[in-house]
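To start, the structure itself, in structure tokens.
The structure presented is a predicted model; accordingly, all values stated were derived computationally and were not measured. Order of the sequence lines sets the chain letters (A, B, ...), proteins ahead of strands, with each chain counted from 1.
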Amino acid sequence: MAIHNGDIADALNELADILDVEGANSFRVRSYRDAARTLRGLSREAADMVERGEDLSDLPGIGSGIASKIRELVETGKLSQLESARERTSPELVSLTEVDQLGPKRVKKLHEVLGVEGPAQLKQAAEQGRIASVEGFGKKTEKRILDELERLEQTPSSQRFTLDRAEETTEPLLAYLRGLDPAGNVTAAGSYRRRRETVGDLDIIITTDDPDRIMEAFTEYENVDRVAARGRTRSTVVLISGMQVDLRVVEPESYGAALYYFTGSKAHNVATRKIAVDRGWKMNEYGLFDGKRRLAGRSEEELFAAIDLAPIPPELRENRGEIDAARDNRLPHLLTESDIRGDLQTHTDATDGQLPLEEMVEAAVKRGYEYYAVTDHSKRVSVAGGLDADALRRQHKSVDRLNERLAKEGKEIVVLRGVEVDILQDGTLDLPDELLAACDLVVASIHYDREMSEEKMTERILRALDNRCVNILGHPTGRMIGEAREPMRFDVQRIMRAALDRGVFLEVNAQPERLDLSDIHCRRAKEMGLKLAVSTDAHTASHLSYMKYGVAQACRGWIEADDVINTRPLPALRKLLER
DNA sequence: GCCGTTTTCGGCCCGACTGTTTTCAGTCG
């Protein structure tokens, strides 16, 4: 299987972008985007479905036309329509729509009137004052384009923030806004509230008696870099961090409706709005209405109840089946942080962690954990000072001593003797089996030789899973968000099936730049009954709090406490670790 | 291009804000 859902989605989105600039029917353009979104959210590979001869047009937003394009991509690796579109309209020109305030219509116009082909010519035209003379443009727009181009040269557009960085920016701003009007509601909506792995911009919903004062204070917040728009109900600023923030002031009776509307996702909202429309009602950010009569809007619960849905947690609002589940009362009881009884991947200063074992365990005690696995690197990870067999034995002896001391002190935590052993290039492990067998817990991970064919990588991981000492496959895809470290290519479905057969668990690594498995993969694991370990991979005490990101990611994959091994009491966990 | 228990044709979410207009188009979310 060579082509993955993400590749197909990229191709369809690119085609949509080009058609958009060419002035194609906007609904047709949207169809391609909808289909791309469906593919991204799919827990199965479309290529698999094609090979099995299944009907792709059964999928939402995919009809016979796009289905045949997907088949072409799967079978030939190319999309002829996309290739000819690229020849007609250059990707350079299409990229101009990334410039703020430039959409497909304006780009098309600039191309037709001024012959602009890309960013360089756009800048030249703006500097020479030729843009202002184009119909529909003016001096202000020209200036904005120029400013935006200069900004883009310094920081690339469409910057997204990992959740931890988004929190650093968001929480102080929320505290500031709450301080302005303690009686009002202030909530961050959008992908931040849905706990997506990255956040593009921020939507804050606020209720207040004094919108003018709040808007003024918002635009004068100390971390504001520039004000992009300022109105009575909506203002937009860009913070110094680069994060764009929209603040929306709403009436209390619309608070739930606005929160719901701006939490999204878009696809989810469209689907629930349709339920309202089918009943002859209207749903928007102000409420649910029957004609002029308001049926609901003060709270999200009120809205859900009015359209006969169980309340859907924000993490699930992606239009991936949650609406049907809510209607039939079979939404999952999502995992919570308090379900977690221990951390199953952590490091110490014996390798690349920052703190000694004792201090890490102390922090784990503070979190109320029942168990805590220390899993330092093995020797292959030389940059981290990975442990050889002797060093690991010594560490395990000190774990034993620590456990004795903790028991004497009456601390209710058990430290598990673990290791994060490297999976070598040929799929063998970096430490001898007899030593691994003596561990309470073995996490096996890949850190090196990430570039190999999909087939070889699959075989490599399969071989590692065959080793009966292995309990958990650590950060399974090896991706790093925002660092352009793409996931390693292997047959995820086959690895998951093999792990299930062999009693191996897959990790949800809670490091905010990893979050590996992804939400989609978590969902796939759940569907096949494969259990997961949510672990922080902590390298210092404060990292233990990353657990919340791992839990959120799992929730986005519909994971419940029963799907996660480190929700079990220690005896039950130990049983699961026997293979 | 997709979709259908008012439909196989004719819809497809819609409101705020801005800038360029003189009543509205484009963009964004």
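The CG atom of Asn319(A) lies 9.0 Å from the CG atom of Asp324(A); values are rounded to the nearest 0.5 Å.
Among the protein residues, Gln244(A) comes within range of the sugar-phosphate backbone only, with heavy atoms under 4.0 Å from sugar or phosphate atoms but none that close to a base. If you check every strand for non-hydrogen atoms under 4.0 Å, Phe262(A) touches nothing. Within the nucleic acid shown, Lys266(A) comes within 4.0 Å of at least one base atom, counting heavy atoms only. Note on Asp203(A): only backbone sugar-phosphate atoms sit closer than 4.0 angstrom, heavy atoms only; bases stay farther off. In this structure, Arg232(A) reaches the sugar-phosphate backbone alone: every heavy-atom distance under 4.0 Å involves primed, P, OP1 or OP2 atoms, never a base. Lys69(A) comes within contact range of the sugar-phosphate backbone alone, with a heavy-atom separation under 4.0 Å but no base atom that close.
Between Gln101(A) atom CD and dG26(B) atom P the separation is 14 Å, expressed in whole Å. To the nearest angstrom, C1' of dA25(B) lies 14 Å from CG of Leu102(A). Atom CZ in Arg230(A) sits about 14 Å away from atom P in dG19(B), given to the nearest Å. Distance CG (Leu110(A)) to C1' (dT27(B)): 14 Å, rounded to an integer number of Å. Rounded to whole Å, atom C1' of dG26(B) lies 18 Å from atom CD of Glu142(A). Rounded to an integer number of Å, the gap from Asp100(A) CG to dT18(B) P is 13 Å. In this structure, CG of Leu288(A) is placed 14 Å from P of dC14(B), rounded to the nearest angstrom. Rounded to whole angstrom, the span from the CG atom of Asn269(A) across to the P atom of dC28(B) amounts to 19 Å.
Within the structure, a side-chain polar atom (N or O) of Arg30(A) is placed less than 4.0 Å from OP1 or OP2 of dC13(B). The shortest distance between the side-chain N/O atoms of Arg248(A) and the OP1/OP2 oxygens of dA16(B) is not below 4.0 Å. Distances shown here put a side-chain N or O of Thr141(A) below 4.0 Å from the OP1 or OP2 atom of dT20(B). Checking the phosphate oxygens (OP1, OP2) of dA16(B), a side-chain nitrogen or oxygen of Tyr286(A) falls inside 4.0 Å. One finds no side-chain N or O of Thr236(A) lying less than 4.0 angstrom from the OP1 or OP2 phosphate oxygen of dC17(B). An OP1 or OP2 oxygen of dG19(B) is reached within less than 4.0 angstrom by no side-chain nitrogen or oxygen of Lys139(A).
Positionally, the nearest nucleotide of DNA chain B for Lys282(A) lies more toward the 5' end than for the other of Lys282(A) and Glu135(A). Of the two residues near DNA chain B, Gly136(A) and Phe27(A), the one whose nearest nucleotide lies more 5' is Phe27(A).
Straight-line distance between the C1' atoms of dC2(B) and dT8(B): roughly 12 Å, to the nearest whole Å. Separating the P atom of dT6(B) from that of dG1(B) is a span of 28 Å, rounded to the nearest Å. Only the C1' atoms considered, dT20(B) is 11 Å distant from dG26(B), to the nearest whole Å. Nucleotides dC13(B) and dG29(B) place their C1' atoms 12 Å apart, quoted to the nearest Å.
Distance from the side chain of Lys140(A) is smallest to dG19(B) among dT27(B), dG1(B), dG19(B). Between dT27(B), dA16(B), dG29(B), one nucleotide has an atom nearer to the side chain of Tyr261(A) than all others, and that is dG29(B). Proximity note for Arg273(A) (side chain, C-beta onward) versus dG26(B), dG29(B), dC13(B): the nearest is dC13(B). Of the candidate nucleotides dC17(B), dT27(B), dG29(B), dC17(B) has the atom nearest to the side chain of Ala229(A). The Ser64(A) side chain lies nearest to dC2(B) when the options are dG29(B), dC2(B), dG1(B). The Tyr32(A) side chain lies nearest to dG1(B) when the options are dG26(B), dG1(B), dC13(B).
A donor-acceptor pair is defined here as one N or O able to donate and one able to accept, closer than 3.5 Å; such a pair exists between the side chain of Ser299(A) and the backbone of Glu302(A). Of the possible donor and acceptor atoms, none in the side chain of Thr89(A) sits under 3.5 Å from a partner among the backbone N and O of Arg86(A).
Crowding of Glu83(A) atom CD: a count of heavy atoms from other residues, nucleotides or ligands under 6.0 Å exceeding 12. Heavy atoms from other residues, nucleotides or ligands lying under 6.0 Å from CG of Asp209(A) number 12 at most.
Partner assigned to dG29(B) is dC14(B), using Watson-Crick or G-U wobble distances below 3.5 angstrom.
Using cut-offs of 30° and 60° on the angle between ring planes, the pair Tyr176(A) and Tyr221(A) is tilted.
Separation of the Tyr286(A) and Tyr261(A) ring centroids does not fall under the 6.0 Å cut-off.
For Arg248(A) and Phe262(A), the positive end sits near the middle of the six-membered ring, less than 6.0 Å away and at most 45° from its axis.
With hydrogens and angles left out, the side chain of Arg234(A) and the base of dC17(B) share no donor-acceptor pair within 3.5 Å.
The glycosidic torsion of dT7(B) lies within 90° of 0, placing the base in the syn range.
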